[in-house]
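First the proteins, then the strands, lettered A, B, ... as listed; each starts at 1.
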2 protein chains.
Amino acid sequence: MATGRTHRPATRSRGIPEATVARLPLYLRALTALSERSVPTVSSEELAAAAGVNSAKLRKDFSYLGSYGTRGVGYDVEYLVYQISRELGLTQDWPVVIVGIGNLGAALANYGGFASRGFRVAALIDADPAMAGKPVAGIAVQHTDELEHIIEDNGVSIGVIATPAGAAQQVCDRLVAAGVTSILNFAPTVLTVPDGVDVRKVDLSIELQILAFHEQRKAGDDGAAAPAPAARAVAEAAAVAPADDRKGPDGDVPAVMPA
Amino acid sequence: MATGRTHRPATRSRGIPEATVARLPLYLRALTALSERSVPTVSSEELAAAAGVNSAKLRKDFSYLGSYGTRGVGYDVEYLVYQISRELGLTQDWPVVIVGIGNLGAALANYGGFASRGFRVAALIDADPAMAGKPVAGIAVQHTDELEHIIEDNGVSIGVIATPAGAAQQVCDRLVAAGVTSILNFAPTVLTVPDGVDVRKVDLSIELQILAFHEQRKAGDDGAAAPAPAARAVAEAAAVAPADDRKGPDGDVPAVMPA
DNA sequence: AAATGTGAACTCATTCACAGCG
DNA sequence: CGCTGTGAATGAGTTCACATTT
């Protein structure tokens with residue numbers, strides 16, 4: 001194919017699978033709890049239970065980091081805490097800015113998990129001039145005008161967007177232009193960013209909709225006990241396109257068509 | 001042992017892949033925007049761009065729902081909005097309770113996306129007696145004692161946990177015992193639930209740690225651009241420690257928890 | 001001509017099962 | 001023995017590419 005310049009095929013590189021990376025914080029949290037209880041070592045079985053995964057997966061995950069366990073014994077808790085922290089980049093102190101200090105932004109600023117390990121709230125930024133100077137979680141809110149300034153002065157590379165959806169892309173563009181290369185987006189919108197910038201998104205309504213999908217399925221599945229079906233069908237929707245003769249998945253779906 | 005199950009039970013009914021389910025809300029949002037602009041039809045290419053995925057994936061996703069497009073033309077926006085809404089269970093009105101009305105809980109209660117489509121905040125619940133009766137987002141907070149009551153009276157099957165980590169499992173157990181079968185967990189802890197109960201988790205610090213991992217990687221790879229290096233190495237005796245004794249790389253890591 | 005719908009190929013992730021080491 | 005570490009087997013998800021339909 002000759003895609004010009006892929007990445008390195010890396011015969012033996014640091015290729016940690018994305019799915020594994022996403023679980024490392026989970027392991028780290030479980031290990032930290034063990035560490036606080038002064039537990040010296042832990043088996044893959046125990047740690048997996050604490051992290052809510054199965055032990056084969058956990059061992060495979062750790063195998064990408066190296067051989068940090070002792071056969072017949074398990075893993076040294078302190079040592080693993082350090083190795084995972086290092087792998088995740090938490091032996092550095094990452095300055096973070098939060099943009100959009102509404103209800104959510106304020107909640108995030110107050111979130112204890114920030115300072116606890118690896119992250120530091122470098123600034124809170126809001127577009128409302130009335131907010132400027134007001135302290136939230138002990139930090140004075142600064143106006144959006146200062147954004148580029150703040151990013152550069154503090155060497156910020158991670159930004160959190162907690163603005164309304166309408167402002168998110170614009171804020172994102174400014175963050176990126178100022179040097180931010182990782183963004184955590186709480187606004188319910190798709191962000192477009194240049195190559196090399198990472199975006200992760202947290203979206204309440206998406207999560208709820210996924211739950212609703214499975215919930216709906218449970219009701220029809222039957223089988224044994226249908227606990228609390230609840231959810232009254234709402235009138236809505238009756239005004240749907242006049243059904244031509246579309247095909248359902250197979251045959252046709254039960255009822256619920258617009259009457 | 002019994003690790004908290006979260007994954008799909010592989011119902012033998014109509015098997016829509018989990019990854020597809022997770023994208024349906026994204027498509028729905030993009031379609032709703034088009035609908036508001038009175039756009040009648042849309043191609044897979046256009047819709048995919050709006051949702052931030054590629055078009056082959058989108059077409060494959062839709063193929064699990066049925067044949068809702070027209071070759072040579074595209075998809076009817078209104079019709080697709082309805083089909084996806086129905087598939088996600090949003091033609092019902094799901095009552096939801098939020099437990100833990102701190103900063104985060106209040107932010108969630110105020111989140112507009114709730115009422116907008118398919119969900120209704122049935123109650124806000126908090127363990128602090130001083131909160132009882134206080135209105136948040138126009139709804140009076142109720143005390144935890146009322147929890148079982150509220151769940152049953154309202155036929156609630158979806159619960160949102162926004163308590164401190166220490167209280168989350170206990171709240172979860174009570175929700176489940178009262179009939180809740182889907183839980184959205186904002187507390188930074190692994191919940192253990194019986195089979196048949198779905199849990200999804202939203203965790204700020206995990207997301208940040210994943211970003212930090214990739215951010216760290218960017219620094220070392222390419223030498224050309226290197227925009228904003230930032231992140232000062234924090235006090236950290238580089239001594240990787242050949243294991244064994246020693247307290248640990250850092251002091252403590254308090255359990256992170258939302259206010 | 002245009003764009004869907006889908007088998008087939010491919011890539012990524014999980015699970016199995018056991019060899020190998022302390 | 002007990003438990004890790006890992007190839008091999010299986011499964012899930014994505015992408016390709018094109019026959020098919022309007």
If only atom types and distance count, is the side chain of [X] paired as donor or acceptor with the main-chain N or O of [Y] below 3.5 Å?
X: A:Ser85; Y: A:Val81; result: yes
X: A:Lys201; Y: A:Phe186; result: no
X: A:Trp94; Y: A:Gly89; result: yes

Just the rounded figure in Å: distance from [atom2] of [N] to [atom1] of [X].
X: B:Phe62; N: D:dG13; atom1: CZ; atom2: P; value: 17 Å
X: A:Glu18; N: D:dT14; atom1: CD; atom2: C1'; value: 16 Å
X: B:Leu24; N: D:dG13; atom1: CG; atom2: C1'; value: 15 Å
X: B:Tyr64; N: C:dG7; atom1: OH; atom2: C1'; value: 11 Å
X: A:Leu47; N: D:dG2; atom1: CG; atom2: P; value: 20 Å
X: B:Tyr68; N: D:dT22; atom1: OH; atom2: P; value: 17 Å
X: A:Glu45; N: C:dT15; atom1: CD; atom2: P; value: 13 Å
X: A:Leu58; N: C:dC16; atom1: CG; atom2: C1'; value: 16 Å

Audit row: A:Arg29, B:Thr189, side chain to side chain contact (heavy atoms under 4.5 Å, CB included) steps and yes/no: CA-CA 9 Å; A:Arg29 181 175 289 155; B:Thr189 190; 5.9 Å; no
Base of D:dT22 paired with side chain of B:Arg71 (donor-acceptor, under 3.5 Å): no
Would you mind telling me which residue lines up with the more 5' stretch of DNA chain C, A:Pro17 or B:Asp61, judged by nearest nucleotide? B:Asp61
Closest to the [X] side chain, choosing from [options]:
X: A:Asn54; options: D:dT4, C:dT15, D:dG5; value: C:dT15
X: B:Lys57; options: C:dG22, C:dT14, D:dT14; value: D:dT14
X: A:Lys60; options: C:dT15, C:dG5, D:dT14; value: C:dT15
X: B:Arg59; options: D:dA17, C:dC18, C:dA13; value: D:dA17
X: B:Ser43; options: C:dA3, C:dG5, C:dA17; value: C:dA3

Is B:Arg23 close enough to D:dT14 that one of its side-chain N or O atoms is under 4.0 Å from OP1 or OP2 there? yes
Think A:Ser44 has a side-chain N or O under 4.0 angstrom from the OP1 or OP2 of D:dT4? yes
Hey, does B:Tyr75 reach any base, or is it just sugar-phosphate, or nothing, if we go heavy atoms under 4.0 Å? sugar-phosphate
Nearest heavy-atom contact between A:Ile210 and B:Glu18 is CG2-OE2, 4.0 Å
Of A:Val73 and A:Ala56, the one whose nearest nucleotide on DNA chain D sits closer to the 5' end is A:Val73
